[in-house]
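In the text below, chain A, chain B and the rest are named by the order of the sequence lines, each starting its count at 1.
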There are 2 protein chains.
Amino acid sequence: MSDVDLTVERLELRGHRVTASRRRVIEAVLARPSHFTVDDVLRETRAVGRATVFRTMKLLTDLNVVCRVLFEDGALHYRVSTRGHHHHVVCRECGRVEDFTTCDVSALVRDLSRATDYEIEGHWLEGYGRCSDCRAATVPASREAPGG
Amino acid sequence: MSDVDLTVERLELRGHRVTASRRRVIEAVLARPSHFTVDDVLRETRAVGRATVFRTMKLLTDLNVVCRVLFEDGALHYRVSTRGHHHHVVCRECGRVEDFTTCDVSALVRDLSRATDYEIEGHWLEGYGRCSDCRAATVPASREAPGG
DNA sequence: ACCTAACTGAGACTCGGTATCAACGCAAAC
DNA sequence: GTTTGCGTTGATACCGAGTCTCAGTTAGGT
Ligand SMILES: [Zn+2]
Ligand SMILES: [Zn+2]
Ligand SMILES: [Zn+2]
Ligand SMILES: [Zn+2]
């Protein structure tokens with residue numbers, strides 16, 4: 001069973017109809033190698049109406065098929081979601097996005113609840129920096145002429 | 001020396017010109033009791049051009065006079081910034097915003113760097129929930145008929 | 001007072017997303 | 001297999017947030 005079929009099944013289970021347009025959007029989304037914008041999807045699904053693409057993206061987000069990645073400039077990207085709740089780090093240089101679940105965010109949230117006396121029910125966390133590849137590709141600037 | 005004058009001085013120090021429009025925007029911003037949107041400022045500075053208000057808000061953000069608060073629905077709010085780098089918790093019910101600096105976000109960022117092999121240089125973190133007041137105003141639903 | 005680069009502001013424009021609504025078509029009931 | 005109805009579609013208009021343009025203004029240094 002393909003990823004597309006699996007996603008379609010998820011739609012059916014939730015009582016959503018499986019239409020040709022939705023199928024086309026799902027195919028386009030699942031074919032994306034990394035993160036992408038709604039605009040990327042729009043370009044690949046010319047036959048599907050603009051509104052429908054936006055609606056389907058929302059649907060897929062609700063179904064946890066994709067997750068949203070907030071870029072530093074405020075742009076909203078998407079990426080196929082493998083896990084449940086998680087966060088992202090985005091490389092400022094090449095745009096690579098990595099998930100992370102290892103860090104104990106829940107501990108922070110607990111502290112946060114205590115410190116502010118808020119009952120924290122949701123949060124938004126993204127990291128921005130440089131991936132290992134991009135760091136390796138640059139001459140280390142912090143040490144002056146490391147080898148001569 | 002008023003807050004407005006202090007901010008104006010900050011502008012001058014950075015080599016920005018002090019114009020009547022900027023002064024008007026600064027006054028409107030500093031008079032805000034809590035968080036606000038650009039639209040709120042626009043409404044209070046009718047004499048100032050739309051573009052100028054946006055430009056000035058950007059300027060004030062760069063000067064750390066205000067900070068931006070990302071709401072759960074994606075709306076961008078501002079608030080007068082008292083401290084340096086900090087984060088926010090937003091009450092979903094009444095919209096109250098609280099700063100927090102107490103929690104050790106830097107530890108999380110350090111872990112994060114290690115786990116992903118990214119050099120994390122920036123991050124975006126907001127919490128959403130219910131403030132103490134709003135919780136107190138509701139009959140506790142988790143315990144059934146606590147007092148009768 | 002003079003000069004000029006910084007700034008302004010009206011308005012057009014872009015961009016991401018939503019509302020409208022008649023037409024359509026999926027899927028369940030018959 | 002046909003009917004039926006409601007979820008869905010998509011063209012298009014609209015919206016809000018923010019940027020661009022560019023001619024005109026002005027702060028502030030000399
Ligand atoms: Zn989280
Ligand atoms: Zn990179
Ligand atoms: Zn932080
Ligand atoms: Zn509240």
Side-chain angles (χ1 to χ4, degrees), chain A residues 4-5 7-29 32 35-63 65-79 124, chain B residues 4-5 7-29 35-63 65-79:
Chain A
V4 174
D5 289 337
T7 304
V8 163
E9 201 175 29
R10 248 204 262 188
L11 275 186
E12 285 170 336
L13 281 170
R14 297 282 195 101
H16 299 289
R17 291 200 181 156
V18 179
T19 66
S21 292
R22 281 184 176 166
R23 227 191 173 90
R24 261 177 251 139
V25 172
I26 290 167
E27 279 160 9
V29 162
R32 294 269 114 201
H35 57 100
F36 56 90
T37 61
V38 177
D39 217 62
D40 293 330
V41 180
L42 279 169
R43 244 175 280 121
E44 305 226 337
T45 55
R46 296 278 188 199
V48 183
R50 187 176 153 66
T52 299
V53 171
F54 275 100
R55 286 190 283 239
T56 308
M57 287 312 296
K58 196 175 196 172
L59 194 55
L60 294 178
T61 307
D62 291 345
L63 292 173
V65 173
V66 296
C67 58
R68 308 191 301 170
V69 185
L70 180 68
F71 273 53
E72 232 166 347
D73 62 359
L76 203 52
H77 288 233
Y78 288 82
R79 91 192 304 244
W124 191 240
Chain B
V4 174
D5 290 337
T7 304
V8 163
E9 200 175 29
R10 250 205 259 189
L11 275 186
E12 285 170 336
L13 282 170
R14 297 282 196 102
H16 299 289
R17 289 195 183 164
V18 179
T19 66
S21 292
R22 283 183 175 166
R23 225 189 176 93
R24 261 178 252 138
V25 172
I26 290 168
E27 277 161 9
V29 162
H35 56 99
F36 55 89
T37 61
V38 177
D39 218 63
D40 292 331
V41 180
L42 280 168
R43 244 175 281 122
E44 305 227 336
T45 55
R46 296 277 189 201
V48 182
R50 190 176 153 64
T52 299
V53 171
F54 275 100
R55 285 189 284 238
T56 307
M57 286 313 295
K58 196 173 196 173
L59 193 56
L60 293 179
T61 307
D62 292 346
L63 293 173
V65 172
V66 295
C67 59
R68 308 192 299 170
V69 185
L70 180 67
F71 272 54
E72 232 167 347
D73 63 0
L76 203 53
H77 289 232
Y78 288 81
R79 89 193 304 247

How close or far is atom C1' of C:dG17 from atom OH of A:Y78, stated in whole angstroms? 10 Å
B:V18 vs B:V38, nearer the 5' end of DNA chain D by closest nucleotide: B:V38
Could you tell me whether the phosphate oxygens of D:dT8, OP1 or OP2, come under 4.0 Å of any side-chain nitrogen or oxygen in A:T19? no
B:R22 side chain near C:dT8 phosphate (N/O to OP1/OP2, under 4.0 Å): yes
D:dC6 OP1/OP2 closer than 4.0 Å to side-chain N/O of A:R17: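 Answer no for this pair, as no side-chain N or O of A:R17 is under 4.0 Å from OP1 or OP2.
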Whole-Å distance, B:R24 CZ to C:dT8 C1', equals 11 Å
Is any NZ, NE, NH1 or NH2 atom of the basic residue among A:R23 and A:D5 found under 4.0 Å from an Asp or Glu carboxylate oxygen of the other?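 Yes.
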Rounded to whole Å, please give me the gap between CZ in A:R14 and P in C:dC26.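 Checked: the CZ to P distance equals 22 Å.
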Phosphate contact (D:dG7 OP1 or OP2) by A:H16 side-chain N/O below 4.0 Å: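 No, because none of the side-chain N or O atoms of A:H16 sits under 4.0 Å from OP1 or OP2 of D:dG7.
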Check the pair B:H35, B:F71 against side chain to side chain contact (heavy atoms under 4.5 Å, CB included), reporting the backbone distance first and the verdict last. CA-CA 11 Å; B:H35 56 99; B:F71 272 54; 3.5 Å; yes
Check every atom of D:dG18, C:dG16, D:dG10 against the side chain of A:F54 and return the nucleotide holding the closest atom. C:dG16
Checking contacts here: which listed nucleotide (D:dT8, D:dG10, D:dT19) is nearest the side-chain heavy atoms of A:S21? D:dG10
Identify whether the distance between the nearest side-chain nitrogen and carboxylate oxygen of A:D62 and A:K58 falls below 4.0 Å. no
Value in whole Å for how far the P atom of D:dG18 lies from CG of B:D40: 12 Å
For the side chain of A:D39, counting heavy atoms from C-beta on, which of C:dA27, C:dG16, D:dT8 is nearest? C:dG16
Between C:dT18, C:dT8, C:dG17, spot the one nearest the side chain of A:R50, thanks. C:dG17
Rounded distance in Å - CD1 (B:I26) to C1' (C:dC7):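 To the nearest whole Å, that distance equals 14 Å.
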N/O donor-acceptor pair, side chain B:R55 with base D:dG18, under 3.5 angstrom: no
Could you tell me the separation between the CZ atom of A:R23 and the C1' atom of D:dG7, rounded to a whole number of Å? 18 Å
Which of the following nucleotides, C:dG9, D:dA11, C:dA27, is nearest to the side chain of A:A51? D:dA11
